[in-house]
Amino acid sequence: MANTLGFKPLRKESVTKMSLPLYGFLEGDTVGLLIVADQNESISSLARKLQEAGNIRVKPKSEVQLVYQGKVIDPALTVSGAGFTALERFDLRQK
Amino acid sequence: MLKRDEWLQLARKLDWEYSYVSEKDVFPEEISGRPWLPHSEWQDWEESFKTSYREYVQNQHDKDAAVYAVRDAVGRLENIQKLATPWVNGLKLHGAALPLAEFTGLIGNLRGARFGRDSAWRSMSTFGALDEYRHTEIPLLLLHELVRWDPQFDWVHKFYHTNNWFAVAARHFFDELTIGQNSIEYHIATNVVLETGFTNLQFVGLASLAHGAADHSFEKMITSIQTDEARHAQIGHPVLATVMKHDPEYAQYLVDKWFWRNWHLFSIVTGFTTDYMAAVEGRQTSFKEFMEEWIIDQFLRTLSEFGLKKPWYWDILLEELEIYHHMVYAAAYTYRSTLWFNFIIPSPADRKWLRQKYPKYWDDIEAVWERIEEQWRAAGPGPQNESAVHGRALPAFCDLCQLPLSAGTPRKNTANTLALNGQKYILCSEPCRWIFLREPERYANHREVTKRVLAGEAPAKLPDLVSQYFQLTPETWGKDMQGGKYAWLQATAQGIGD
């Protein structure tokens with residue numbers, strides 16, 4: 001069957017030891033999403049990833065903050081540097 | 001010859017004492033249920049409406065004749081083809097989710113017919129099993145034949161035989177409710193909670209909407225089914241009364257657990273059809289109002305009658321009543337190709353009505369629809385642009401109800417994670433977490449869809465997930481009913497351009 005749905009594939013090969021599946025919650029959205037983060041990517045990159053993933057339902061915002069375990073995370077940190085572990089929740093909120 | 005009243009009481013009560021096996025061997029706790037009590041505690045079990053097999057067969061024959069007469073008169077394909085498209089898609093949802101679920105009710109009743117603790121209970125369960133067989137066969141007959149016209153109706157039979165995400169959720173619910181359940185929990189959960197509550201919503205509330213949609217065949221069918229439900233629902237009440245007497249905490253748990261589980265599933269099955277797929281001009285009552293009338297009031301009366309307390313999550317339920325099915329519908333619209341029926345964007349008239357009915361959070365839902373509209377305007381209408389107005393990331397699902405993480409509000413989603421025995425779980429709401437933690441041995445090893453993807457059990461690429469795992473095809477996967485071509489949407493776009 002042709003790929004006529006236009007989905008962005010979640011490539012199996014992309015889920016590596018460096019990958020971290022997370023639950024992303026975008027403020028304004030109606031559903032939580034599975035976001036596969038790279039341990040070395042920055043928090044600002046992870047925030048962009050969630051905004052892109054929820055873009056169909058929520059217009060991306062320029063001023064956002066990422067919240068993990070109740071704390072606002074420095075966007076310059078990496079995912080591993082911020083202490084993320086697999087299958088945890090993070091939120092993206094408008095500043 | 002004995003008259004009815006002279007023999008019926010004796011025929012109902014045909015229990016005896018066992019001489020070469022113990023009562024516990026005949027009715028093991030694992031399958032009869034707990035608390036395990038000697039028959040002396042069940043011997044007063046009594047149904048309020050008593051019937052004999054002869055009466056049952058005659059009544060059912062008459063009811064079937066009435067259903068088929070209406071179907072022959074106004075339920076032919078040419079009649080269905082005249083119905084509004086959104087309503088027809090509501091029929092696809094109902095037809096897939098319920099008839100084969102009713103068949104699992106047959107299995108639950110047959111278990112009661114063998115392992116129920118009093119002979120009158122077992123007799124009533126036998127009738128209940130026959131009822132459920134009828135509730136499977138009639139909608140399968142009436143709805144699946146529409147496959148000749150619309151291939152999505154194939155899912156009336158196919159749905160439960162797939163790993164479609166909603167089938168996973170519905171199967172998780174009905175497998176626990178009916179197939180893998182002991183008789184006591186089955187009859188409390190099914191008869192007391194589902195059938196005196198939520199099937200009223202689906203079979204009575206929806207019947208009035210079917211009338212408004214001029215779908216008299218469906219209206220007659222579900223009204224007829226509801227007359228059976230009302231009769232066999234009474235099985236659960238004397239079961240609950242006995243459990244209340246001996247283990248009130250357990251009785252409270254069963255009622256609270258199953259009310260919540262029913263609520264989430266029927267928010268979708270009934271909520272979508274009631275608030276989105278019935279024409280707004282024919283709608284008098286919102287899903288929330290149906291819930292308040294048919295479920296909330298009645299459920300609270302039932303609790304009071306049995307000396308039960310209001311569930312601890314009552315405030316959460318009342319909050320969800322305002323928004324939960326709107327959250328799921330908006331999300332599902334953007335993942336419509338993962339389902340087997342088509343979706344419609346609520347029109348300005350719909351939204352005005354929904355805002356009146358759901359004022360508390362409608363602004364947040366409205367913002368999502370405006371965003372979706374923007375993308376249809378940017379892409380332009382037409383089936384070729386479906387993919388441009390479609391979600392691309394994988395949604396996540398609750399480890400208890402198996403439904404998308406759509407509880408709470410767009411400002412505050414209530415999903416919460418849980419670490420247990422070295423595993424991570426996510427629950428969409430506090431009540432789902434509470435149920436999960438009460439019986440982790442029952443739920444912990446079941447994987448929701450995204451965990452199946454991560455475990456390599458399901459394809460990681462969404463198109464493969466849709467076609468191979470959800471078993472949808474280009475002919476059957478869900479689409480926008482209008483292909484994004486809404487007169488009001490174009491008019492709004494021109495207004496913006498001007």
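A note on names: the letters A, B, ... follow the listed sequences, proteins ahead of strands, and every chain is numbered from 1. Remember, predicted model here, so these are calculated numbers, not experimental data.
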K.L.:
Tell me, side chain or backbone of B:K412 under 4.5 Å from chain A's heavy atoms, or both, or neither?
P.N.:
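No part of B:K412 comes within 4.5 Å of chain A.
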K.L.:
Under a 4.5 Å heavy-atom cut-off, does chain B meet the side chain of A:N55, its backbone, both or neither?
P.N.:
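Interface part for A:N55: both.
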K.L.:
Output the option from B:V328, B:T450, B:V368 having the highest count of non-hydrogen pairs under 4.5 Å with chain A.
P.N.:
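Among the listed options, the one with the most contacts to chain A is B:V368.
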K.L.:
Would you compute the distance between atom CD of B:E370 and atom CZ of A:R57 and round it to the nearest 0.5 angstrom?
P.N.:
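The CD atom of B:E370 sits 16.0 Å away from the CZ atom of A:R57.
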K.L.:
A quick test of your reading: do over 12 heavy atoms of other residues, nucleotides or ligands sit less than 6.0 Å from NZ of B:K485?
P.N.:
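No.
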K.L.:
Could you check whether B:K424 pairs with A:E88 (Lys NZ or Arg NE/NH1/NH2 to Asp/Glu carboxylate O, under 4.0 Å)?
P.N.:
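Counted as a salt bridge, because a side-chain N and a carboxylate O are separated by less than 4.0 Å.
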K.L.:
For a 4.5 angstrom cut-off between non-hydrogen side-chain atoms, does B:I365 reach A:T30?
P.N.:
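In contact.
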K.L.:
Measuring from A:L34:CG to B:K451:NZ, what's the distance to the nearest 0.5 Å?
P.N.:
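Result: 9.5 Å between the selected atoms.
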K.L.:
Tell me, side chain or backbone of A:L26 under 4.5 Å from chain B's heavy atoms, or both, or neither?
P.N.:
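Just its backbone gets close to chain B.
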K.L.:
Please report the interatomic distance CG(B:L394) to CD1(A:I35), rounded to the nearest 0.5 Å.
P.N.:
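The CG atom of B:L394 sits 9.5 Å away from the CD1 atom of A:I35.
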K.L.:
Let me know which of B:C428, B:P410, B:P404 forms a side-chain contact (heavy atoms from CB on, under 4.5 Å) with A:V31.
P.N.:
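Among B:C428, B:P410, B:P404, the one meeting side-chain contact (heavy atoms from CB on, under 4.5 Å) with A:V31 is B:P404.
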K.L.:
Which residue is it: B:I426, B:T417, B:L454? I am looking for the one with a side-chain contact (heavy atoms from CB on, under 4.5 Å) to A:L87.
P.N.:
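Exactly one option meets the side-chain contact (heavy atoms from CB on, under 4.5 Å) with A:L87, and it is B:L454.
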K.L.:
For B:I323, is it the side chain, the backbone, both or neither that has a heavy atom under 4.5 Å from a heavy atom of chain A?
P.N.:
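No part of B:I323 comes within 4.5 Å of chain A.
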K.L.:
Quick one: does A:I56's side chain get under 4.5 Å of B:Q375's, heavy atoms only?
P.N.:
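In short, these two side chains touch, coming nearer than 4.5 Å.
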K.L.:
Is A:V58 in contact with chain B via its backbone, its side chain, both, or neither, using a 4.5 Å heavy-atom distance?
P.N.:
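When you check distances to chain B, only backbone atoms of A:V58 fall under 4.5 Å.
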K.L.:
Does the side chain of A:F25 reach to within under 4.5 Å of the side chain of B:L405, using non-hydrogen atoms?
P.N.:
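Of all side-chain heavy-atom pairs linking B:L405 with A:F25, at least one is under 4.5 Å.
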K.L.:
Counting heavy-atom pairs under 4.5 Å with chain A, which one of B:A419, B:G408, B:A415 comes out on top?
P.N.:
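Most heavy-atom pairs under 4.5 Å with chain A: B:A415.
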K.L.:
Quick check: are there more than 12 heavy atoms from other residues, nucleotides or ligands sitting under 6.0 Å from CZ of B:R411?
P.N.:
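It does not: B:R411 CZ has 12 such atoms or fewer within range.
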K.L.:
Under 4.5 Å, counting heavy-atom pairs only, tell me which of A:R93, A:E27, A:Q94, A:R89 racks up the most with chain B.
P.N.:
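Winner by heavy-atom pair count: A:R89.
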